[in-house]
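Every chain is numbered from 1, with letters handed out A, B, ... down the list of sequences.
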Number of protein chains: 2
Amino acid sequence: MSPSPNAPTPVAIPEPTLKRLPYYYKFIQGQREARRDFVSCTTLAEALGLNPIQVRKDLQATGAVGRPKVGYHVETTLDAIEECLGYHNTQDIFLVGAGHLGQALLAYPGFAEIGFNLVAAFDADPAKVGREVAGKPILEASRLSDLVRRMHIQIAILAVPAAAAQMVTDTLVRAGIRAIWNFTPTRLAVPREVLVQDENLLASLSVLSKQLENSRVKSHKESIHGKPEEL
Amino acid sequence: MSPSPNAPTPVAIPEPTLKRLPYYYKFIQGQREARRDFVSCTTLAEALGLNPIQVRKDLQATGAVGRPKVGYHVETTLDAIEECLGYHNTQDIFLVGAGHLGQALLAYPGFAEIGFNLVAAFDADPAKVGREVAGKPILEASRLSDLVRRMHIQIAILAVPAAAAQMVTDTLVRAGIRAIWNFTPTRLAVPREVLVQDENLLASLSVLSKQLENSRVKSHKESIHGKPEEL
DNA sequence: CTGCTTTCGGTAAAGTTTTATCGATATGGA
DNA sequence: TCCATATCGATAAAACTTTACCGAAAGCAG
Ligand SMILES: NC(=O)c1ccc[n+]([C@@H]2O[C@H](COP(=O)([O-])OP(=O)(O)OC[C@H]3O[C@@H](n4cnc5c(N)ncnc54)[C@H](O)[C@@H]3O)[C@@H](O)[C@H]2O)c1
Ligand SMILES: NC(=O)c1ccc[n+]([C@@H]2O[C@H](COP(=O)([O-])OP(=O)(O)OC[C@H]3O[C@@H](n4cnc5c(N)ncnc54)[C@H](O)[C@@H]3O)[C@@H](O)[C@H]2O)c1
């Protein structure tokens, strides 16, 4: 309750903001390559199809400061975002379940670019164990617990069949995992101190489909009630 | 502005709710298999680690009605969720970009279960064209536009390299696509009437990593300021 | 140098989503 | 039969996110 003595306001950054930061980062990188030194919220917003005020608030949250009439300094703003998202501090992570999805993730070079080192995968299928994908070994699932512990792995990617999800989670938790990136369509039961980020792809697709249905109804209504606003 | 004459309250269901519905669905299916006829918000919330009041509001949004002291009828509630998420009305969809991620999606049987029929993939790589993945053909990218139009495809999955994302999007839009499920880390420019659902995996991982960092700071603070609340 | 315009930062308002409160209803046991 | 209790539905409060507003700073044109 009492404010910390000298804490530099470590106000948690809202999740929607965190999800937008990578877009700003990518665009500002492009500006750097184009040899531009400054970029304004207006420009960013225009390019990304967002509200300029929202962009400004998001950048403020990273600690970046802008100059009126000029915008934000490209280099320092990139640094601020990197700092904010922790692109610097490299982190080793594991993947559990080297099936279709797991192997796609293994092969993906994008993680390394933002400071994650996907070290190894684990699988229960003997036919997969021993193979490599993109230079990453697929190890025996039975070794998971021990290696999480010994290598002090904090984050694991979960890409096993739904039926195995909770069991693997329990193993990870017992081994001391701190966060799980969950691609299974299961709600995982974990202790309060363990974080879970759900990536429920089916749910996302359902949302899209539902919104499509809504928009159909809406535009139909509009066309009936006569509201052909097209600008 | 004026209320529609006889519309059955087509209030748009909030996205967070839509994303939770599949979890309820899956759990209630389990209850059906266990021969239970009713399920309460309390039970659901307990099992899924959610707030019971939230569960109740979510179910209300689907149109399901419950009985005090008893809960929600399993069969009718499943129907309500199916109806709400459109699990019934089957829909053909296309995938563009049959690379690592695209092929994992092609092989995934989950889409069919919720009413989506992933008909075909399209790729620019001649080495991939002509092959099949899980019985789904990989077709020449040049045929995309024509087939979207002729088959009246409304939803496309975008899994091409970021560099090609906008170009493919433009093609899809010109061909009359209505919604794009976007796995590239790019913000797509589309006309207002086209929906885009972004699935920015790197952004999600960044969020998780940041939250982990926050929780570390917090628990450290707590341990200093003495706040070992453990219940 | 002066005024015009763009853009920032802070604060306030509006909109959404989550959580709380409370009366009503139905069930099961006294 | 009647009471205690679990649970629902509705309404309200709280928390969070997005959007708006306004004064100040800084570049630019004349
Ligand atoms: N493939 C997709 O596109 C896709 C899309 C959305 C969601 N998902 C979800 O992702 C998960 C994985 O999907 P997939 O298509 O890769 O499935 P998959 O069957 O191809 O792969 C699962 C892998 O996990 C391994 N495995 C099983 N039990 C294990 C255990 N106890 N420990 C370690 N490894 C174990 C299997 O051997 C297999 O290699 C599923 O939960 C699925 O619902 C996948
Ligand atoms: N693989 C992953 O796990 C992963 C994770 C997160 C994000 N993503 C994103 O998903 C996208 C695809 O990733 P990937 O790993 O599958 O890449 P990939 O390179 O394996 O596959 C891309 C495919 O797209 C095809 N392609 C290229 N240009 C095309 C065009 N104009 N029309 C049709 N097809 C075209 C290529 O031939 C290739 O088969 C990328 O944008 C990536 O950033 C992938």
Side-chain angles (χ1 to χ4, degrees), chain A residues 1 8-21 23-24 27-28 31 36-74 76-77 80-81 187 198 203 207 210-211 214, chain B residues 1 8-21 23-24 27-28 31 36-74 76-77 80-81 187 198 203 207 210-211 214:
Chain A
M1 287 296 163
T9 325
V11 230
I13 296 175
E15 177 162 335
T17 294
L18 291 174
K19 286 217 167 187
R20 285 186 295 264
L21 290 179
Y23 295 117
Y24 304 150
F27 180 80
I28 301 175
Q31 298 292 293
R36 309 190 107 277
D37 286 336
F38 287 87
V39 58
S40 76
C41 289
T42 328
T43 317
L44 268 165
E46 185 110 358
L48 299 175
L50 296 171
N51 180 331
I53 298 162
Q54 184 170 58
V55 175
R56 195 174 310 136
K57 280 213 79 182
D58 287 344
L59 291 181
Q60 270 178 45
T62 68
V65 290
R67 281 167 49 188
K69 180 77 185 187
V70 179
Y72 293 81
H73 189 240
V74 164
T76 53
T77 305
I81 298 177
R187 295 266 323 170
D198 289 310
V207 169
K210 179 72 182 179
Q211 288 173 344
N214 282 350
Chain B
M1 287 296 163
T9 325
V11 230
I13 296 176
E15 177 162 335
T17 294
L18 291 175
K19 286 216 168 190
R20 284 186 295 265
L21 290 180
Y23 295 116
Y24 305 150
F27 180 80
I28 300 174
Q31 297 293 293
R36 309 191 107 276
D37 286 335
F38 288 88
V39 58
S40 75
C41 290
T42 327
T43 316
L44 268 164
E46 186 112 355
L48 301 174
L50 296 171
N51 180 331
I53 298 162
Q54 184 170 60
V55 175
R56 194 174 312 136
K57 279 213 79 182
D58 287 344
L59 289 181
Q60 270 178 44
T62 68
V65 290
R67 281 167 51 189
K69 180 79 182 189
V70 179
Y72 293 80
H73 188 241
V74 163
T76 53
T77 305
I81 298 177
R187 293 267 321 173
D198 289 309
V207 169
K210 179 72 182 179
Q211 288 173 343
N214 282 352

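- Nucleotide D/dT7 holds its C1' atom 13 Å from the CG atom of B/Leu44, rounded to whole Å.
- Residues A/Ile28 and A/Tyr72 are not in side-chain contact: their nearest non-hydrogen atoms beyond the backbone lie 4.5 Å or more apart.
- None of A/Asp58, A/Thr17, A/Thr62 except one satisfies the side chain to side chain donor-acceptor pair (under 3.5 Å) rule with A/Tyr24; the exception is A/Asp58.
- Taking atom CG of residue A/Asp37 and atom C1' of nucleotide D/dA26, one finds them 17 Å apart after rounding to whole Å.
- Contacts between residues 58-71 of chain A and DNA chain D, defined by a heavy-atom separation under 4.0 Å, are made by A/Arg67, A/Pro68, A/Lys69, A/Val70.
- In this structure, B/Thr42 reaches the sugar-phosphate backbone alone: every heavy-atom distance under 4.0 Å involves primed, P, OP1 or OP2 atoms, never a base.
- The shortest heavy-atom contact between B/Gly49 and A/Arg187 is O-NH2, 3.6 Å.
- At whole-Å resolution of the value, CZ in A/Phe38 and P in D/dC28 are 11 Å apart.
- Taking every side-chain heavy atom of A/Arg56 into account, C/dT7 is the closest of D/dT17, C/dT7, C/dT19.
- Taking atom NZ of residue B/Lys57 and atom C1' of nucleotide D/dG9, one finds them 11 Å apart after rounding to whole Å.
- As rounded to whole Å, 15 Å separates atom P of D/dA6 from atom CD1 of B/Ile53.
- Atoms CG (A/Asn51) and P (D/dC21) sit 12 Å apart, rounded to a whole Å.
- Here the closest heavy-atom approach between residue A/Val74 and residue A/Phe38 is recorded as CG2-N, 3.8 Å.
- A straight line from CD of A/Gln54 to P of D/dT18 spans 5 Å, rounded to a whole angstrom.
- The OH-P distance, from B/Tyr72 to D/dT7, rounds to 12 Å in whole Å.
- Interatomic distance, A/Leu48 CG to A/Thr43 OG1, rounded to the nearest 0.5 Å: 10.5 Å.
- Contact record, B/Cys41 with B/Pro52: CB-O, 3.7 Å, taken as the closest heavy-atom pair.
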